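Here is the structure we will look at, set down as structure tokens.
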Amino acid sequence: VDVVWTQHIGLHVADQPRLWAEGRRVLREGGRVALFAVVAGEVEPVLYPVPWAADESHGRVPRAEIIRACLASEGLIERSWRDVSGRSLAWCVERLAATRPNATADGAHASRRLGLHLLMGDLFRPAAENQLRNLSERRLAVIQAVFARSSV
């Protein structure tokens with residue numbers, strides 16, 4: 001394939017080396033791996049629940065350096081590695097505010113709009129609040145990265 005794109009998948013895969021080895025295996029020469037990942041931050045522990053897990057038994061938070069090392073060990077060349085935790089925190093603040101049950105200018109209730117809060121039900125608010133706290137306290141970080149498979 002031309003691109004292997006992952007978004008938050010590492011939270012659900014225990015065997016990080018195998019995940020990235022498979023990504024490289026299916027990638028053509030000159031192809032790219034693009035990832036958007038929630039990773040462990042500088043402070044422990046992660047506070048649960050979070051949007052992807054009620055507790056730590058439902059998902060593992062990978063370390064950024066493990067992902068980076070796995071990709072490098074597969075011979076992939078790092079093209080970009082950015083910590084976008086600040087932008088992710090701002091997005092989470094906006095999403096949480098948008099689900100408060102107050103009327104909007106058009107008279108609709110924000111909590112009735114489509115969104116993750118409808119899917120998660122009562123777990124949404126504590127999970128979203130913990131996500132904000134985890135990002136604010138650097139318990140979690142969010143990275144965007146691109147790696148290339150050399151065509152040499």
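Worth knowing before you read on, the calculation uses all heavy atoms, side chains too, and leaves out hydrogens, waters and symmetry mates. Please read these numbers as outputs of a predicted model, since none were measured by experiment.
Not a single donor-acceptor pair under 3.5 Å links the side chain of S136 to the backbone N or O of R133. A donor-acceptor contact shorter than 3.5 Å links the side chain of S85 to the backbone of V142.
Contact check for W91 versus L135: no side-chain heavy atoms found under the 4.5 Å cut-off. Proximity of N134 to V38: side-chain heavy atoms (C-beta onward) are nowhere separated by under 4.5 Å. Residues W20 and V33 form a side-chain contact, since some pair of their non-hydrogen atoms from C-beta on lies under 4.5 Å apart. Taking the side chain as every heavy atom from C-beta outward, R28 and R149 never approach each other to under 4.5 Å. Residues D55 and P49 fail the side-chain proximity criterion, which asks for heavy atoms closer than 4.5 Å. Side-chain contact check for Q131 versus S88: every heavy-atom pair is 4.5 Å or farther apart. Side-chain contact check for R68 versus W81: some heavy-atom pair is nearer than 4.5 Å. Residues S57 and Y48 fail the side-chain proximity criterion, which asks for heavy atoms closer than 4.5 Å.
Heavy atoms only, all atoms of each residue included: R139 and P45 are closest at NH1-O, 2.5 Å. Of all the heavy atoms in D83 and A141, the pair that sits closest is OD2-CB, 4.3 Å. The nearest pair of heavy atoms linking L132 to C92 is CD2-CB, 3.3 Å. Contact between Q16 and G10 at its shortest, heavy atoms only, is NE2-O, 3.2 Å. The two residues V61 and V39 make their nearest non-hydrogen contact at CG1-C, 3.4 Å.
Note that CD1 of I67 and CD1 of I143 are 5.0 Å apart. Values are rounded to the nearest 0.5 Å. Distance check, rounded to the nearest 0.5 Å: CG of L47 to CD of E129 gives 12.0 Å. Between the CG atom of L19 and the CZ atom of R24 there is a distance of 14.5 Å, given to the nearest 0.5 Å. In this structure, the separation between CG on L11 and CH2 on W52 is 5.5 Å, given to the nearest 0.5 Å. Atom CD in Q7 sits 9.5 Å away from atom CD in Q144 (nearest 0.5 Å).
In the displayed structure, D122 atom CG is contacted under 6.0 Å by at most 12 heavy atoms of other residues, nucleotides or ligands. Residue E56 places its CD atom among 12 or fewer non-hydrogen atoms of other residues, nucleotides or ligands, all under 6.0 Å distant. Within 6.0 Å of CD on E44 lie no more than 12 heavy atoms contributed by other residues, nucleotides or ligands.
Salt-bridge annotation for E22 and R25: present, with a side-chain N of the basic residue lying under 4.0 Å from a carboxylate O of the acidic one. Of the charged side-chain nitrogens involved, none lies within less than 4.0 Å of a carboxylate oxygen, so that D2 and R32 do not count as a salt-bridged pair.
V146 and V1 fall into different hydrophobic clusters, where Ile, Leu, Val, Met, Phe, Trp and Tyr are joined by side-chain heavy atoms under 4.5 Å apart, directly or via other members. Cluster annotation: V13 is connected to L76 through the hydrophobic network of ILVMFWY side chains, with a link wherever side-chain heavy atoms come within less than 4.5 Å. No continuous path of ILVMFWY side-chain contacts below 4.5 Å connects L140 to I9, so the two sit in separate hydrophobic clusters. The hydrophobic clustering, which links ILVMFWY residues whose side-chain heavy atoms are closer than 4.5 Å, places V84 and V93 together. V4 and I66 are members of different hydrophobic clusters when ILVMFWY side chains are connected at heavy-atom separations under 4.5 Å.
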